[in-house]
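A quick note: this is a predicted structure, and the numbers were derived from the prediction, not measured. Indexing begins at 1, ligand by ligand and atom by atom, following the structure's order.
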Amino acid sequence: MKFNNRRALPLAAAALLALNLPAYAADADAPQQVAAVQAPAVTIDNFAFAPALVVVAPGTKVTWTNKDEEPHTVTSADGGKTFKSDALDTDDKFSFTFDKPGTYKYFCSIHPHMIGTIVVK
Ligand SMILES: [Cu+2]
C-alpha cells in the first residue's frame, strides 16, 4: 500500500497540471495581456522607433533607448506637452508612464519624420 501511495502522488500532480493548462488556453484575453507586458521598450535605431506601435495597459511605463550614433528625442505630438525627452545620446534612455487610455503619437523633434505611437487601453 505504501508503494502504491508513492506512485499516486506524481500522477495526482500530473492531473493537476493537465487541469491547469486548458484554463490558460481558454483565457481569450491572455495573448493581449502578454503583449502589453512585453512591449514597453522602444528602441531608437537607424532613425526609427521600433516597434513604431506599442500597445500597453494603463499605468505602464514605456522606456525608449537610443541605439543610434545620432541624438534623438521622444516628443509627444502635442508639441511635447504630454511628454518630452531631452536629446538622447547613444544608449541614453527616456521613460514615461502612461496612466490614461488613449492614442499617443510622438516624434523626434530633431528628425520629425521619425514617428511612433503608443496606444494605452
Ligand atoms: Cu531623431
Minimal heavy-atom distance between T82 and S76, with the atoms involved, is N-OG, 3.2 Å
Contacts satisfying salt bridge (Lys or Arg N to Asp or Glu O under 4.0 Å) that involve residues 72-89 (not counting sequence neighbours) are none
_In this structure, is the centre-to-centre distance between the rings of Y106 and F49 below 6.0 Å?_
yes
To the nearest 0.5 Å, atom CD of E69 lies from atom CG of N46 at 11.5 Å
Contacts of F94 meeting ring pair (Phe, Tyr, Trp, His ring centres under 6.0 Å) (sequence neighbours excluded), chain-then-number -> W64
Excluding water, the protein N, O or S atoms sitting under 2.8 Å from the Cu ion (ligand 1) are H72 ND1, C108 SG, H111 ND1
Here the salt bridge (Lys or Arg N to Asp or Glu O under 4.0 Å) pairs for residues 49-67, sequence neighbours left out, are K67-D91
